[in-house]
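Computed over heavy atoms, backbone and side chain alike; hydrogens, waters and symmetry mates excluded.
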Amino acid sequence: MRETRRALAETLSRIGSLIGDGRSRDDVLDVEQLSNESGVPRDVVRMLLDGEEPPAEDITDRIVRRIVHLRETRLRPDGTRHSYDEIAASYGASRASLSNLVNSRRKTPSPQTPSSQTPSRQALSQQVSSEQVPSQQMGERRPARSGGPLASTQAGIETFFFGQPNGWLSAEPQASLDNALQSVLHGLEGEAADPMARLRSTHGLRELAARAPQLAEEELQLVTDWIDTILQRRNAQRVRGTESDSSHTEGH
């Protein structure tokens with residue numbers, strides 16, 4: 001847990017250092033998109049971005065919630081959801097075993113501490129405590145835990161949606177969000193290395209970017225810095241105007 005916290009904090013710090021003047025974090029981080037990509041609920045994404053701790057969640061409830069999330073966000077080409085039949089058949093299971101798992105956990109969530117046998121656990125074959133779930137992109141391999149689906153079930157569902165097991169269903173929220181943020185980070189790093197890409201993506205300056213190939217690299221950097229200076233002054237004026245309006249309101 002400590003390593004995932006540190007990794008997320010480092011990613012957010014790096015993103016913050018690359019945003020630059022004239023933009024805020026909200027301009028580059030889309031909570032809805034991050035939630036869809038990570039499987040982390042929107043309110044929890046906001047908490048993590050603000051450096052807060054996410055609420056505790058039973059690992060089986062997390063896996064089931066993310067199975068539902070995948071069906072709702074990773075659709076067929078015709079825009080319809082994948083059926084439990086085709087998902088379960090892809091890894092040699094029955095529709096009933098998968099739908100029973102999902103429906104039982106959604107109706108009667110398990111407590112935070114493992115206790116008595118739950119219907120969802122009965123819907124799966126016996127858990128083997130030493131069985132492990134591959135987690136290539138989400139950190140180290142994590143053992144299957146009491147209360148969670150069989151590792152083979154998790155791996156089968158991940159393979160169906162991602163092409164290979166990757167630990168997406170069971171990963172801690174911090175690791176899931178950090179993984180989703182990598183595309184944002186890479187985009188900002190690309191902008192930092194290419195001023196023209198920055199012009200194309202910032203403030204809708206498409207026309208200026210189209211003329212940019214006529215400029216030398218040093219001239220292009222001067223234009224970019226000039227735009228940043230103007231935007232920084234404009235933002236400062238807005239802040240002063242807001243403070244002035246607030247003081248005026250308080251005076252009345």
Side-chain angles (χ1 to χ4, degrees), residues 1-57 62 66 69 73 135-140 166-168 171-206 208-209 212 215 217-246:
M1 175 71 75
R2 184 176 304 171
E3 291 302 319
T4 59
R5 284 201 208 102
R6 182 183 304 168
L8 177 59
E10 290 175 353
T11 297
L12 289 173
S13 176
R14 178 63 176 156
I15 288 174
S17 69
L18 290 170
I19 289 175
D21 297 329
R23 287 192 292 182
S24 68
R25 193 177 69 177
D26 292 339
D27 293 328
V28 298
L29 298 183
D30 185 330
V31 171
E32 181 76 24
Q33 183 177 351
L34 289 172
S35 177
N36 286 342
E37 291 182 4
S38 66
V40 178
R42 289 187 296 273
D43 57 339
V44 178
V45 169
R46 293 189 185 94
M47 292 175 64
L48 292 172
L49 292 177
D50 290 338
E52 300 177 20
E53 284 294 313
E57 182 179 30
R62 179 191 305 153
R66 290 184 180 177
H69 177 85
T73 59
S135 181
Q136 298 174 352
Q137 297 180 357
M138 299 297 180
E140 299 180 355
N166 60 5
W168 192 91
E172 298 286 349
Q174 291 93 334
S176 298
L177 180 58
D178 183 61
N179 190 64
L181 285 167
Q182 295 310 303
S183 60
V184 179
L185 177 58
H186 294 158
L188 291 171
E189 289 173 337
E191 290 180 19
D194 181 2
M196 188 167 68
R198 184 176 169 193
L199 285 175
R200 285 195 297 266
S201 62
T202 306
H203 316 297
L205 300 174
R206 293 194 179 99
L208 182 58
L215 302 176
E217 184 174 349
E218 292 182 359
E219 295 172 326
L220 184 58
Q221 187 61 55
L222 287 173
V223 172
T224 304
D225 293 341
W226 172 67
I227 292 172
D228 282 340
T229 300
I230 293 175
L231 291 171
Q232 189 174 10
R233 289 176 181 173
R234 186 182 64 181
N235 289 338
Q237 289 173 350
R238 287 178 177 173
V239 171
R240 287 196 296 268
T242 301
E243 292 174 349
S244 176
D245 290 343
S246 176

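In this view, Glu189 and Arg14 satisfy the salt bridge (charged side-chain N to carboxylate O under 4.0 Å, His left out) rule, not counting sequence neighbours. Residues satisfying the side chain to side chain contact (heavy atoms under 4.5 Å, CB included) test with Ser183, not counting sequence neighbours, are Glu37. Judged as a side chain to side chain contact (heavy atoms under 4.5 Å, CB included), and not counting sequence neighbours, the contacts of Asp43 are Pro41. Ser35 is linked by a side chain to side chain contact (heavy atoms under 4.5 Å, CB included) to Arg42, Val45, counting only residues two or more places apart in sequence or in another chain. Residues satisfying the side-chain hydrogen bond (donor to acceptor under 3.5 Å, both in side chains) test with Ser17, not counting sequence neighbours, are none. Among residues two or more places apart in sequence or in another chain, the side chain to side chain contact (heavy atoms under 4.5 Å, CB included) test is passed with Ser13 by none. Scored by the salt bridge (charged side-chain N to carboxylate O under 4.0 Å, His left out) test, Asp26 finds no partners at all (sequence neighbours excluded).
Residues Leu48 and Pro54 meet the side-chain proximity criterion, which asks for heavy atoms closer than 4.5 Å. Looking at heavy atoms from C-beta onward, Ile15 lies out of side-chain contact with Glu10 at the 4.5 angstrom threshold. You'll find the side chain of Val31 reaches within 4.5 Å of the side chain of Leu49, heavy atoms only. Contact check for Pro173 versus Arg62: side-chain heavy atoms found under the 4.5 Å cut-off. Side-chain contact between Gln174 and Glu53 is present, with at least one heavy-atom pair separated by less than 4.5 Å.
No donor-acceptor pair closer than 3.5 Å links the side chain of Asn179 to the backbone N or O of Ser176. Between the side chain of Arg25 and the backbone N or O of Gly16 there is no donor-acceptor pair closer than 3.5 Å.
Residue Val184 is tested with Asp30, Leu29, Thr11 for a side-chain contact (heavy atoms from CB on, under 4.5 Å); the sole match is Leu29.
With 3.5 Å as the limit, one finds no donor-acceptor pair spanning the side chains of Thr73 and Asn36.
Nearest heavy atoms, Asp178 versus Gln182: O-NE2, 2.9 Å. Contact record, Leu12 with Leu181: CD2-CD1, 3.7 Å, taken as the closest heavy-atom pair.
Using a 4.0 Å cut-off between a side-chain N of Lys or Arg and a carboxylate O of Asp or Glu, Arg46 and Glu52 do not qualify as a salt bridge.
Atom CD of Glu172 sits about 12.0 Å away from atom CG of Leu8, to the nearest 0.5 Å.
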